[in-house]
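When reading the values below, keep in mind they use all heavy atoms of this one structure, side chains included, and skip hydrogens, waters and symmetry mates.
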Amino acid sequence: MRTLERRYLLPFALVTTLFFLWGLANNMTDTLLAAFKKVMKMSDAETSLIQFAFYGSYFCFALPAALFIRRVSYKAGILLGLLLYAGGAMLFYPAALAESYPFYLIAIYILAGGCSVLETTANPYILSMGAPETATRRLNIAQSFNPIGSITGILLSQQFILRNISLNSISETYLGLGIVLIAIMLVMMFSRMPAGRDGEQGSVGASFRRLFRNKRYVWGVVAQFFYVGAQICVWSFTIRLVMQELGIAEADAATYYLASIICFCAARFFFTWMMKFFRPSQLMSVAAAADIVLCLVVILMKGSGMVAVTALVLISFFMSLQFPTIYGIALEDVGDDAKIGASGLIMAILGGALLTPLQGLVSDRFGISMSYVVPLFCFVVVLWYSVYSQRKGLNS
């Protein structure tokens with residue numbers, strides 16, 4: 001069965017560029033923890049407020065975004081998301097002039113709000129472009145471009161922020177990004193795209209009631225909360241752990257963070273290909289189990305140098321398919337409730353906001369290696385959900 005029909009090729013290509021853009025933002029933000037720790041002499045718990053602002057914004061904007069695109073169109077959601085994303089990036093410049101960490105957090109909050117709107121719009125749009133039986137595989141294909149954006153974000157951060165860490169280097173990089181985003185928004189504005197209106201007739205309340213009765217969906221939101229928490233925890237402290245294990249500076253440690261994202265990117269394509277032969281939930285079981293083992297290596301092999309670092313990098317390889325697979329399984333057969341359901345899965349990104357500060361506290365108290373017990377527990381939840389999905393005999 002074909003994954004994508006010819007009539008969807010152009011809108012699929014346009015929407016897939018958005019996956020690149022929020023990947024760029026996510027992983028540039030991850031490098032800011034190391035940058036602000038050095039510039040402003042902060043603890044791990046204090047710098048983790050960056051992730052609290054970023055992923056807390058995802059939580060706050062997701063449902064309003066779903067209601068907006070439900071009432072208007074997918075294209076309108078894309079334009080709104082790009083506007084907020086660009087506006088937040090440009091606010092980094094006055095934040096530098098004010099030398100204010102709270103101002104930076106506000107800018108990050110607005111920027112992330114734009115990314116939340118884009119994700120809430122793009123994911124269900126991709127799922128709708130074809131047969132339900134290939135929806136999860138289709139989403140994995142689109143999500144494969146997300147880590148390419150992540151790689152680009154790390155390279156930008158490594159070159160323009162971490163090589164010469166200062167408030168100016170941080171803010172000028174984000175200002176440039178904001179200008180590029182405005183240009184992309186203009187291209188999207190004048191591109192021909194399906195409006196994406198649908199025939200939803202029921203109330204929002206009715207949609208929520210149906211979704212809450214759907215155990216697969218509800219547990220999918222829970223699994224997504226813990227998966228995103230795991231991903232952000234792993235990446236937020238990658239540079240710090242590599243610095244500890246190898247005794248190198250931030251910019252050099254970022255090379256290993258880049259290697260993690262390259263593994264993540266390559267694995268997306270690999271696992272998408274493997275879905276021709278295995279159900280997505282089966283592959284996710286193997287990947288979650290592998291991540292549990294690799295987290296244990298990071299924790300128990302403190303001071304081992306490349307052994308711990310290699311395990312850390314490999315965690316990203318096995319994380320790669322988990323977000324889109326949970327997403328696809330949770331939204332299987334929800335029908336007209338997909339837009340509202342999508343907002344719940346994006347709100348689950350709150351896991352990144354709440355669990356990263358928890359890992360920061362564990363790191364300050366027990367050391368950065370031991371802090372990886374937090375993502376370890378998260379992967380246990382993902383493993384449980386993948387097994388649960390298989391027992392229910394789902395297509396995904």
Going by side chain to side chain contact (heavy atoms under 4.5 Å, CB included), Tyr372 matches just one of Val362, Leu294, Val234. Which one?
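Among Val362, Leu294, Val234, the one that satisfies the side chain to side chain contact (heavy atoms under 4.5 Å, CB included) with Tyr372 is Val234.
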Count the heavy atoms belonging to other residues, nucleotides or ligands that lie under 6.0 Å from [atom1] of [X], then report whether that count exceeds 12.
| X | atom1 | answer |
| --- | --- | --- |
| Phe317 | CZ | yes |
| Phe103 | CZ | yes |
| Phe269 | CZ | yes |
| Phe377 | CZ | no |

Side chains of [X] and [Y]: is there a donor and an acceptor less than 3.5 Å apart?
| X | Y | result |
| --- | --- | --- |
| Asp291 | Gln322 | yes |
| Tyr388 | Ser281 | no |
| Tyr101 | Glu46 | no |

- request: Taking Ser157 for its side chain and Ile161 for its backbone only, find out whether a donor-acceptor pair lies under 3.5 Å.
  value: no
Aromatic ring proximity Phe271/Phe278, centre distance under 6.0 Å:
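Between Phe278 and Phe271, which both carry aromatic rings, the centre distance is not below 6.0 Å.
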Quick check: do [X] and [Y] have side-chain heavy atoms less than 4.5 Å from each other?
| X | Y | answer |
| --- | --- | --- |
| Lys276 | Trp273 | yes |
| Leu331 | Leu345 | yes |
| Met306 | Glu245 | no |
| Ser369 | Leu241 | yes |
| Tyr74 | Val15 | no |
| Tyr85 | Leu177 | yes |
| Arg240 | Lys37 | yes |

Exactly one candidate in Trp384, Tyr385, Phe225 meets ring pair (Phe, Tyr, Trp, His ring centres under 6.0 Å) with Trp219; the answer is Trp384
Plane angle bin for Trp235 and Phe264 - parallel if under 30°, tilted between 30 and 60°, otherwise perpendicular | perpendicular
